[in-house]
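When reading the values below, keep in mind they use all heavy atoms of this one structure, side chains included, and skip hydrogens, waters and symmetry mates. Residue indices begin at 1 and follow the sequence shown. Please read these numbers as outputs of a predicted model, since none were measured by experiment.
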Amino acid sequence: MRDMVEIGMGRTARRTYELQDVNIVPSRRTRSSKEVSTAWQLDAYRFDTPILSHPTDAIGSPEFAIELGKLGGLGVLNAEGLYSRHRDAEAKLEEVVALAASDITGIAAIRRLQELHAAPLDPELLAAAVGRVRDAGVTVAVRVSPQRAQELTPVLIKAGIDLLVIHGTIISAEHVSNEGSALNLKTFIGDLDVPVVAGGVSDHRTALHLMRTGAAGVIVGYGSAEGSTTTREVLGIGVPMATAIADAAAARRDYLDETGGRYVHVIADGDIYSAGDVARAIACGADATMLGAPLALAAEAPGKGWYWPSVAAHPSIPRGAVAPAQLGGLDAGDDAAVGAAPSLATILNGPSTEPNGQLNLVGGLRRSMAKSGYSELKEFQKVGLNVAY
């Protein structure tokens, strides 16, 4: 039964929960973390860790995607980002970071991002970025917006992608436009030879509709991050992640029954900052997590410790600030943090010297699963939960 509250005469709202509101309840048995597997499989592609990167230039260079792939995760390139618009993308990112560090309001950095994203897309640059990741021997995933999916997907298919990610702030099964034909995802996905992950969504009905399009995975959430403006602040739209994930997982069960066994993966994107949050997201029903700010801490991140979501560069209504990622209370620009950035390998697999769960994310997940008595991710989705009022 849904928990409804009255917010005024004749108006009710559903009570919902953030990941930080939820706690995992251990079972009567425990096991060694060495006996725990964090592997998962999306279509034909198997990954050792349930971690994808949010498709933003802050962590979206081909080199970063390669490193994440070698460590067992999945790096997602942004087909509409700076690496597809500028040959000197690294230099352009340095400009953004310098502006962010010198302007406390963050306005100058956002304005520069908008200017840089106004440059036309170069199919040759896009194909070259894809080729660098493909040649490294890791799985190649690239994000496109629903508005440009029909235009860019043929370029990506020709370049040799393995997975297509159709990703927007809010996405539906059919993108309606008066400026041309609508993007019908069911028809679009059905004509492709590569698996598609689509999102973001935040409710059961939309998640179920996306699953019915033939998507191999559905992204839940809007990539929100601490210190960055969000869709909730700008548009007033938002569902706390614990509830959003659980609702999408319920849609997955309904779709599994409806189709007689077709499983669609749920990927949580937003408000995940620590190993404990990764564990909570999977315990709520996610198969994997799409991380942004936690990975921006890495020494290999092109944003040099600064983070912004992919929608921060929107030309008219940006939804995200250029904010410093924090490690142990230190911002990226603090003197004590200079030169102290951990490697991506340390963020994922440790060892950690920080007691806040920001390093060794996979190790923390393993230990949470072991302490609760589970050895596989799908089993861990059944762990008991409680909410502290």
Side-chain angles (χ1 to χ4, degrees), residues 47 49 51-101 109 112-117 119-145 152 155-156 159-165 167 223 225 228 269 290-313 320 322-325 332 341-348:
F47 306 95
T49 61
I51 291 176
L52 299 80
S53 63
H54 183 83
T56 168
D57 290 319
I59 54 173
S61 68
E63 289 72 25
F64 192 89
I66 291 168
E67 183 64 17
L68 182 55
K70 289 180 177 178
L71 291 169
L74 177 63
V76 183
L77 301 179
N78 184 5
E80 299 167 38
L82 299 185
Y83 288 89
S84 304
R85 301 177 190 269
H86 301 277
R87 294 189 182 279
D88 58 344
E90 288 82 3
K92 297 296 190 282
L93 286 168
E94 289 178 4
E95 291 180 28
V96 173
V97 168
L99 288 170
R112 185 58 179 145
L113 274 176
Q114 291 174 319
E115 292 170 352
L116 293 171
H117 278 259
L121 285 169
D122 186 335
E124 290 185 4
L125 288 179
L126 176 55
V130 171
R132 282 151 67 185
V133 181
R134 186 194 62 237
D135 292 345
V138 300
T139 304
V140 186
V142 183
R143 172 261 180 188
V144 294
S145 65
L152 295 176
V155 177
L156 296 172
I161 64 169
D162 298 309
L163 294 164
L164 179 68
V165 179
H167 184 255
S228 175
D269 179 24
M290 178 174 274
L291 304 186
L295 302 184
L297 291 165
E300 298 92 335
K304 304 301 181 186
W306 292 80
Y307 178 73
W308 57 93
S310 55
V311 290
V322 180
S343 68
L344 182 58
T346 300
I347 290 173
L348 294 182

Search all heavy atoms of [X] against all heavy atoms of [Y] and return the closest pair with its distance.
X      : Y      : result
Val97  : Gly303 : CG2-O, 3.3 Å
Val142 : Ala79  : CG1-CB, 3.6 Å
Gly60  : Pro302 : N-CG, 4.0 Å
Ser53  : Gly75  : OG-CA, 3.3 Å
Pro55  : His167 : CG-ND1, 3.9 Å
Lys92  : Leu116 : CD-CD2, 3.4 Å

Inset, instruction - Would you list the pairs meeting side chain to side chain donor-acceptor pair (under 3.5 Å) in which at least one residue belongs to residues 64-80, sequence neighbours left out? - result: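 Counting only pairs at least two positions apart or across chains, the side chain to side chain donor-acceptor pair (under 3.5 Å) contacts touching residues 64-80 are Asn78-Arg143, Glu80-Ser145.
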How long is the span from the [atom1] atom in [X] to the [atom2] atom in [Y], to the nearest 0.5 Å?
X      : Y      : atom1 : atom2 : result
Leu156 : Leu164 : CG    : CG    : 6.5 Å
Asp88  : Glu94  : CG    : CD    : 9.5 Å
Ile51  : Leu348 : CD1   : CG    : 5.0 Å

Inset, instruction - Apply side-chain hydrogen bond (donor to acceptor under 3.5 Å, both in side chains) to Glu115 and list each qualifying residue two or more places apart in sequence or on a separate chain. - result: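 Scan of Glu115 (side-chain hydrogen bond (donor to acceptor under 3.5 Å, both in side chains), adjacent residues dropped) gives Arg112.
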Check whether any side-chain heavy atom of [X] lies under 4.5 Å from a side-chain heavy atom of [Y], and answer yes or no.
X     : Y      : answer
Val96 : Trp308 : yes
Ile59 : Leu68  : no
Phe47 : Leu52  : no

Side chains of residues 121-133: which donor-acceptor partners sit under 3.5 Å, not counting sequence neighbours?
{"from": "Asp122", "atom 1": "OD1", "to": "Glu124", "atom 2": "N", "distance (Å)": "2.9"}
{"from": "Arg132", "atom 1": "NE", "to": "Glu63", "atom 2": "OE2", "distance (Å)": "3.4"}
{"from": "Arg132", "atom 1": "NH2", "to": "Glu63", "atom 2": "OE1", "distance (Å)": "3.1"}
{"from": "Arg132", "atom 1": "NH2", "to": "Glu63", "atom 2": "OE2", "distance (Å)": "2.5"}

Inset, instruction - Please identify each residue that fulfils side chain to side chain contact (heavy atoms under 4.5 Å, CB included) with Ala313, with sequence neighbours left out. - result: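 If we apply the side chain to side chain contact (heavy atoms under 4.5 Å, CB included) test to Ala313, skipping adjacent residues, the hits are Leu113, His117.
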Please list, one pair per line, the donor and acceptor atoms closer than 3.5 Å that link side chains of residues 134-141 to other protein atoms, with sequence neighbours excluded.
{"from": "Arg134", "atom 1": "NH1", "to": "Ala159", "atom 2": "O", "distance (Å)": "2.2"}

Legend entry - Pairwise ring pair (Phe, Tyr, Trp, His ring centres under 6.0 Å) hits with a residue in residues 63-94, at least two apart: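 Sorted result for residues 63-94: empty, none.
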Legend entry - Criterion side-chain contact (heavy atoms from CB on, under 4.5 Å) on Thr56 and Tyr307, from CA distance to verdict: CA-CA 8 Å; Thr56 168; Tyr307 178 73; 3.6 Å; yes
